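This structure is a prediction, so every number in the text was calculated from the model and none was measured. A note on names: the letters A, B, ... follow the listed sequences, proteins ahead of strands, and every chain is numbered from 1.
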Amino acid sequence: MDKSIVPYLTSKSPFAEDEFVPGQDVVDAIHNARILVLGAGGLGCEILKDLACSGFTDIHVIDMDTIDLSNLNRQFLFRRADIGKSKAETAAKFIMKRFPNVKITPYFGRLQDKEDDYYRQFSLVISGLDSIEARRWINNKLVQLVDPNEFDSLKPLIDGGTEGFRGQVKVIFPTFSACYECSLDTISGSTTYPMCTIANNPRLPEHCIEYVSSVLWKAEFPNEKLDMDIPQHVDWILKYSLERAQMFNIDGVDRKLVLGVVKNIIPAIASTNAIIAASCCNEAFKILSSSAPVLDNFMMYSGADSVFTYSFAYERKESCPVCGGR
Amino acid sequence: MDREEKYDRQLRLWENQGQQLLESARVLVVQPTVTSLELVKNLVLPGVGSFTLLDEPQTVQSEDLVSFYLSPDDVGSERMSSLVKNLNELNEDVAGDFHHVEDVNVWLQTVQPTDFWNQYDLVVLNWEYPLVLEQLSKLKIPVIVTNTLGFYGILRIFKPSVEVVETHTQGVADLRIVNPWDELLQYSDSIDLESLDVEEHAQIPYLIIQLKAVQAWRKAHTQLPKTSQEKKGFKKMIMDWKKDYQELNFDEAVENSHMIMSSTGVPHSIQELLQQVDTRLEEENSRSLFWILVKALKAFVTRTGVLPLTGALPDMTSSTGNYLALKKIYQGKADADRALFTQKLDKILETMHWNHAVDPQTVQTFLKNSRHLYFSQSSCQPLNYVNTKIATEHEDSKSNLVLIGIFLVQQYILAHNALPTLDHLDDLFSQRKSLTASHELYDVLREILRAQGQQLNNICSVMGGIAGQEAIKLVTNQYIPVDNTLIFDGLRSVTERWKV
């Protein structure tokens with residue numbers, strides 16, 4: 001089934017790492033590696049496919065989300081009939097049906113539910129998460145697990161992320177190279193508006209929506225959490241945002257913008273996910289086989305204006321609260 | 001509603017206009033590979049109009065199952081029909097089909113009827129088959145050639161001219177601080193910073209502060225601040241106007257002061273378009289709406305010296321009232337500029353006897369993007385010894401050797417209809433002629449040949465992703481496509497581009 005990788009692992013390469021000894025052992029190393037995939041969304045679906053097509057047979061996947069209609073333009077392991085089901089379980093089922101010799105173990109829940117021993121069983125972790133907090137959590141966990149006296153305690157982490165036509169890949173060897181936390185200040189969080197702007201001096205339609213969703217809703221429904229997946233909630237926010245915008249003579253409030261602002265929607269397309277996920281899996285394949293040099297250590301991709309990639313070695317931070325001094 | 005929700009995450013990028021073009025695009029994929037099947041997936045998911053796979057009839061064998069788009073259930077079935085079935089499953093809005101030919105290599109070397117090609121808006125090939133490229137170039141049908149060899153991938157785009165209005169390029173907004181128009185200046189003059197109380201003073205948009213600062217500076221200096229000493233002085237002047245150290249609007253005026261100078265004038269790239277517009281319009285086959293709009297832009301610039309104002313105003317610290325008043329002035333100017341532009345355009349359309357009406361939305365979009373228009377011409381030549389040498393001799397880069405290596409391998413494939421093996425290494429290396437003196441090409445070729453015809457799924461997925469993205473750019477006519485050759489080197493995780 002995965003004969004595609006065999007020539008690359010059983011013949012000498014002019015560019016391989018020094019420790020590369022081609023042969024069946026390397027093929028077995030790929031077969032037997034236990035990989036953890038975090039997230040079964042846009043990146044996760046691609047990662048699972050790429051791993052299954054690259055000789056990996058023992059894959060675990062964690063995702064706490066269920067399938068939504070707006071996922072179907074890129075999360076290609078899901079169909080309309082799957083809406084509402086667990087992403088991790090549905091993705092695992094799909095891949096195993098296509099590849100009977102690949103075992104995927106899904107977990108429908110949070111990363112934080114799992115004990116240290118769970119994470120200790122893996123050779124490598126690939127993350128296709130969409131939340132900064134979850135990435136920080138797993139990064140911290142993998143740094144904590146490193147025992148200097150035990151080589152196997154080091155779990156490489158490959159982190160992928162996308163936004164529209166842009167994306168990035170980070171290869172992290174916990175305590176040996178820059179960790180996710182070291183690079184945290186390069187990550188832009190979601191836009192926030194000062195309270196005095198949204199309360200007193202709104203100028204943009206976004207300011208009106210933000211006021212209604214963060215101030216008015218709480219005042220009106222102190223005991224009900226705003227949930228933008230409930231149509232009545234969206235309608236309420238839209239109605240009062242329009243009202244507020246009209247009061248201040250501001251144009252441009254509509255349903256699409258309301259959803260974008262309140263849900264903090266990030267544009268996402270299949271092609272960027274495909275590129276970033278496959279780059280992550282290419283690095284995983286290279287790390288576990290030594291058949292080629294590994295990315296050192298960050299790669300940025302931009303596909304909006306032609307195609308541009310930039311790779312660079314991000315330095316560890318001595319003052320890093322997670323891996324500093326370890 | 002349902003459709004908008006399903007495609008929401010991409011509509012936020014290319015909007016309904018782009019989506020409609022995507023949904024009407026018909027794509028032909030000749031001899032699908034893992035790479036081009038990935039490309040198809042990346043078009044089916046966002047809702048391409050239709051796709052057609054062309055190949056010889058074959059029965060799916062169990063060893064075929066390296067493709068994700070074949071399942072164990074398909075063993076024993078016809079390959080193209082199974083692939084189409086599995087790809088169609090990805091999106092119920094998309095209709096794919098297949099086209100069988102008896103011998104694909106013969107087909108690639110036969111002239112096809114024009115009616116056949118005209119069914120498609122984009123054709124995807126694995127290699128640069130000269131006869132196919134020649135036919136499609138005459139018909140102006142764009143072609144993407146993409147493939148992988150070992151850890152390397154190549155993408156080439158064949159489109160004689162690329163004209164993009166909606167480039168989605170981010171740039172500095174033109175706010176006309178150093179060359180304001182009368183209404184803006186009058187509004188600014190109507191505000192007397194001195195007389196305002198601290199609270200009102202802190203609610204004046206920074207543009208007004210900058211306008212006043214430029215005015216004040218000009219009273220004492222013959223030219224705008226240029227040296228770093230002068231710029232420091234300019235910023236200090238603004239800071240000295242603060243009535244309270246907490247005034248954010250004055251901080252913003254200083255922070256954004258570099259943009260005062262950089263945003264004026266017609267950008268170099270647009271000047272180039274204006275210079276060549278008349279020549280372009282003389283050529284019968286490049287007489288497109290794009291160039292007619294550029295011609296109207298030229299008339300506008302000749303008359304006013306500047307590009308039309310877009311009316312866009314960045315957010316800034318200000319009271320609602322002050323901001324909206326300013327916005328109204330910018331919007332008013334944008335409307336006036338549009339009226340003048342439309343007047344120029346109508347005149348041109350009349351002289352040119354252009355019979356199609358230009359809808360206001362097209363004009364609006366053009367004006368919104370008039371600082372960021374993109375045009376490029378491409379020779380549409382397959383790689384050969386001459387253009388490959390010219391492309392690779394400029395800069396010293398490792399990927400030059402990859403491009404040369406892939407070119408040599410492609411030469412072999414086109415001549416023999418088969419992949420070379422390690423046995424051909426010395427022979428291929430000797431074909432390099434004067435392309436490179438570097439012995440490292442030998443290693444690159446060895447790396448390519450050791451694959452024994454097997455393709456790495458990860459490299460195919462990267463290339464299928466990039467090619468899918470470029471296909472979307474070509475059919476939506478938004479964003480700037482690769483011009484015109486790209487290599488992905490999965491050993492070093494880098495991409496590199498050449499204009500061949």
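Between chain B and the options K97(A), E46(A), M299(A), the largest number of non-hydrogen pairs under 4.5 Å is found for E46(A). Taking chain A as the reference chain and counting heavy-atom pairs below 4.5 Å, the highest number among P72(B), S318(B), G453(B) is found for S318(B). Between chain B and the residues S306(A), A270(A), A278(A), S11(A), the largest count of heavy-atom pairs under 4.5 Å involves S306(A). Annotation: maximal heavy-atom pairing with chain B below 4.5 Å, among P202(A), A292(A), C196(A), occurs at P202(A). Taking T317(B), L313(B), V34(B), T169(B) one by one and counting their heavy-atom pairs under 4.5 Å with chain A, the maximum is reached by T317(B). Chain A forms the most heavy-atom pairs under 4.5 Å with one residue out of Q478(B), M463(B), E496(B), K473(B), and that residue is K473(B). The residue among Q469(B), Q203(B), Q10(B), R450(B) with the most heavy atom pairs within less than 4.5 Å of chain A is R450(B). Ranked by non-hydrogen atom pairs under 4.5 Å with chain A, the options Y7(B), F488(B), Y479(B) are led by Y479(B). Counting heavy-atom pairs closer than 4.5 Å to chain B, the top residue among S70(A), A274(A), P14(A) is P14(A). Interface summary for chain B: among S13(A), G42(A), S54(A), the most heavy-atom pairs under 4.5 angstrom belong to S13(A). Heavy-atom pairs under 4.5 Å with chain B peak, among G260(A), A16(A), A268(A), at A268(A). Chain A forms the most heavy-atom pairs under 4.5 Å with one residue out of L456(B), V462(B), N91(B), and that residue is L456(B).
Heavy-atom distances place the side chain of E470(B), and not its backbone, under 4.5 Å from chain A. Proximity to chain B (any heavy atom under 4.5 Å) is shown, for T197(A), by neither the backbone nor the side chain. Contact of Y193(A) with chain B is not made at all, since no heavy-atom distance falls under 4.5 Å. Only the backbone of Q455(B) comes within contact range of chain A, with at least one heavy atom under 4.5 Å from a heavy atom of that chain. Only the side chain of L486(B) has a heavy atom closer than 4.5 Å to any heavy atom of chain A. With a 4.5 angstrom heavy-atom cutoff, V44(B) does not touch chain A via any of its atoms. R74(A) touches chain B through backbone and side chain together, each having a heavy atom under 4.5 Å away. Heavy-atom distances place no part of I276(A) under 4.5 Å from chain B, backbone and side chain included. Heavy-atom distances place no part of D296(A) under 4.5 Å from chain B, backbone and side chain included. Residue L324(B) touches chain A through its side chain alone, counting heavy-atom pairs closer than 4.5 Å. Contact annotation for E206(A): neither backbone nor side-chain heavy atoms come within less than 4.5 Å of a heavy atom of chain B. For D73(B), the part lying near chain A is the side chain, with the backbone staying farther off; criterion is any non-hydrogen pair under 4.5 Å. Contacts of M316(B) with chain A are made by backbone atoms alone, with heavy-atom separations under 4.5 Å and no side-chain atom involved. In this structure, chain B has a heavy atom under 4.5 Å from the side chain of F285(A), while its backbone stays farther away. Contacts between F308(A) and chain B at a heavy-atom distance below 4.5 Å involve backbone atoms as well as side-chain atoms. Heavy-atom distances place no part of Q75(A) under 4.5 Å from chain B, backbone and side chain included.
Annotation: E17(A), atom CD; neighbour count of heavy atoms from other residues, nucleotides and ligands within 6.0 Å is above 12. Annotation: K93(A), atom NZ; neighbour count of heavy atoms from other residues, nucleotides and ligands within 6.0 Å does not exceed 12.
With respect to R497(B) and D483(B), no salt bridge is recorded, no charged nitrogen being found less than 4.0 Å from a carboxylate O. Note on D93(B) versus R3(B): no salt bridge recorded, every NZ/NE/NH1/NH2 to OD/OE distance being 4.0 Å or above. Between D8(B) and R12(B), at least one side-chain N (NZ, or NE/NH1/NH2) sits under 4.0 Å from a carboxylate O, which counts as a salt bridge. R80(A) has a carboxylate O that lies under 4.0 Å from a charged side-chain N of E92(B), or vice versa, which qualifies the two as a salt bridge. A salt bridge between E4(B) and R255(A) is absent, with no side-chain N of the basic residue lying under 4.0 Å from a carboxylate O of the acidic one.
Note that K41(B) lies outside the cation-pi zone of Y69(B), set by a 6.0 Å cut-off to the ring centre and a 45° limit from the axis.
The closest donor-acceptor contact from the side chain of K286(A) to the backbone of P293(A) lies under 3.5 Å. With hydrogens and angles ignored, the 3.5 Å screen pairs a side-chain donor or acceptor of N297(A) with a backbone N or O of Y314(A). Under the 3.5 Å distance criterion, the side-chain polar atoms of S271(A) are left unmatched by any main-chain donor or acceptor of G468(B). Panel note: side chain Q452(B), backbone L422(B); no donor-acceptor pair is recorded below 3.5 Å.
Under the 6.0 Å cut-off for aromatic ring centres, F248(A) and Y211(A) do not qualify, their centroids lying 6.0 Å or more apart.
Side-chain contact between L83(B) and L70(B) is present, with at least one heavy-atom pair separated by less than 4.5 Å.
In this structure, a donor-acceptor pair under 3.5 Å is present between the side chains of T162(A) and N273(A).
Residue P481(B) comes nearest to I157(B) through the heavy atom pair CB-CD1, 4.3 Å, listed as atom of the first residue, atom of the second, then distance.
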